[in-house]
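Below, chain A is the first sequence line, B the second, and so on; all start at residue 1. The figures here come from the full heavy-atom set of this structure, side chains too, leaving out hydrogens, waters and symmetry mates.
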Protein chains: 2
Amino acid sequence: MAQIEDFLESKGVRPTAMRLLVFKYLADRQAAATLSDVEASFSKAERTTLYRTLKTFEENSIVHQIDDGTGISKYALCEEGCNCDLERHLHLHFHCNKCDETVCLTDYKIPPLNLPKGFIANDANMVLKGICDKCSQN
Amino acid sequence: MAQIEDFLESKGVRPTAMRLLVFKYLADRQAAATLSDVEASFSKAERTTLYRTLKTFEENSIVHQIDDGTGISKYALCEEGCNCDLERHLHLHFHCNKCDETVCLTDYKIPPLNLPKGFIANDANMVLKGICDKCSQN
DNA sequence: AGAATTAATGCACTTCCGTTGCATACTTAA
DNA sequence: TTAAGTATGCAACGGAAGTGCATTAATTCT
Ligand SMILES: [Mn+2]
Ligand SMILES: [Mn+2]
Ligand SMILES: [Zn+2]
Ligand SMILES: [Zn+2]
């Protein structure tokens, strides 16, 4: 927990009790979390506080927001040393239609593409949908 | 207009006046349209009717819904002979951060990818973000 | 044609998620 | 210890998607 504290501080985020808990919660998860997920795990805490915690994390490159096409924002910890702004760090996300979980495939980068003349991309989102590893082995 | 009528019928959709107009509206556009866009163009028509028109079109493979990450669903006509269910028909979408328009890059398909063991994809969404051709030439 | 059936439209209302305003509590720095 | 800055709690708002139901229009059947 002291490590988390140091980590948050290194990112310029004050390590409040709530923030430490939310960070730990995200670290202990394999799948990306929605605000509702977080909310459900901390019934004592306020929605808004958790919302702002996630936003703060996002602004300071502690988590990245994931749009998996469900219409609900999800959040997952960034990779170590990740700068979410740089295209080269962009990885795939996989949304399972069975368990409804979304995971980062951090080792699978979005492939570079040639675009039509005049189109200049500086960001990308790629989500694959289907059956995840957990669900496919049953 | 008679052609549109025949086309809708060939897709199993009854060609009502409203549907003909909405189809024409989409056909005359280059960029994908939100429900609000359609609404704004037909101030006399009801939101719900337009909403259901788009849904009907989508269910009958006349349009496809696009999730470009803005959080607002957009719709564009399907390519001729398109079966939206088949992965091979999936194409890229490009969202311009300047003019805020999203266009189909129908000739640019989502590249096939090797996924980690156990992951089985049957659908995909890929959106590139940046400056579109129109906006980059000014 | 006229009645019965089915489909489309209009209107009101709801739900869900994200977001903001503002008062209070807490923390840090002078 | 006082002042300034930051985080939290509570309430309310907003946009977009979606639903229920009555009304109107189009089809089908007799
Ligand atoms: Mn990720
Ligand atoms: Mn498209
Ligand atoms: Zn799964
Ligand atoms: Zn543009």
Under 3.5 Å, which N/O atoms of the protein pair with N/O atoms of nucleotides 22-28 of chain C?
none

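Atom CD of A:Gln65 is separated from atom C1' of C:dC17 by 12 Å (rounded to the nearest Å). Atom CG in B:Leu50 sits roughly 14 Å away from atom C1' in D:dA16 (whole-Å rounding). The nearest whole Å value for the distance from the NZ atom in A:Lys55 to the P atom in D:dT8 is 16 Å. Here the C1' atom of nucleotide C:dC16 and the CD1 atom of B:Ile72 are 15 Å apart, to the nearest Å. Across the protein-nucleic acid pair, B:Asp67 atom CG and D:dA17 atom C1' stand 14 Å apart, rounded to whole Å. Per the geometry, OH belonging to A:Tyr51 stands 16 Å off C1' belonging to D:dA11, to the nearest Å. Put simply, CG on A:Leu54 is 14 Å from C1' on C:dT19, counting in whole angstrom units.
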Next item on the list: Start with the C-alpha distance between B:Glu5 and B:Leu20, add both sets of side-chain angles, then the distance that settles side chain to side chain contact (heavy atoms under 4.5 Å, CB included), and finish with yes or no.
Entry: CA-CA 7 Å; B:Glu5 207 167 319; B:Leu20 290 171; 4.2 Å; yes

Check: Going through the checks in order, is the side chain to side chain contact (heavy atoms under 4.5 Å, CB included) test met by A:His64 and A:Cys104?
Finding: CA-CA 10 Å; A:His64 58 287; A:Cys104 298; 3.5 Å; yes

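Within residues 35-48 of chain A, the residues that have a heavy atom under 4.0 Å from DNA chain C are, in order of number, A:Arg47, A:Thr48. Annotation: proximity of residues 15-27 of chain A to DNA chain D (heavy atom, distance under 4.0 Å) is found for A:Thr16, A:Met18, A:Arg19, numbered in ascending order.
Hydrophobic clustering of Ile, Leu, Val, Met, Phe, Trp and Tyr side chains at less than 4.5 Å, counting indirect connections, unites A:Ile4 with A:Leu54. The hydrophobic clustering, which links ILVMFWY residues whose side-chain heavy atoms are closer than 4.5 Å, places B:Val103 and B:Ile72 apart. Using a 4.5 Å cut-off between side-chain heavy atoms of Ile, Leu, Val, Met, Phe, Trp and Tyr, with links allowed through other members, B:Tyr108 and A:Met126 fall into the same hydrophobic cluster. Linking ILVMFWY side-chain heavy atoms closer than 4.5 Å, directly or via other members, places A:Ile110 and B:Ile110 in a single hydrophobic cluster. A:Val38 and A:Met18 fall within a single hydrophobic cluster, where Ile, Leu, Val, Met, Phe, Trp and Tyr side chains are chained together by heavy-atom contacts under 4.5 Å.
Scanning both residues, B:Leu128 and A:Ala121, for their nearest heavy atoms gives CB-CB, 4.1 Å.
In this pair, B:Phe7 and B:Phe23 present their aromatic rings tilted. The plane angle is within the 30 to 60° band.
In this structure, A:Thr34 reaches neither bases nor backbone, as no heavy-atom distance under 4.0 Å exists between it and the strands shown. Using a 4.0 Å heavy-atom criterion, one finds that A:Thr56 contacts no nucleic acid atom at all.
For CG of B:Asn114, the number of neighbouring non-hydrogen atoms (other residues, nucleotides, ligands) closer than 6.0 Å is 12 at most. Taking a 6.0 Å sphere around CD of B:Gln3, one finds it holds 12 or fewer heavy atoms contributed by other residues, nucleotides or ligands.
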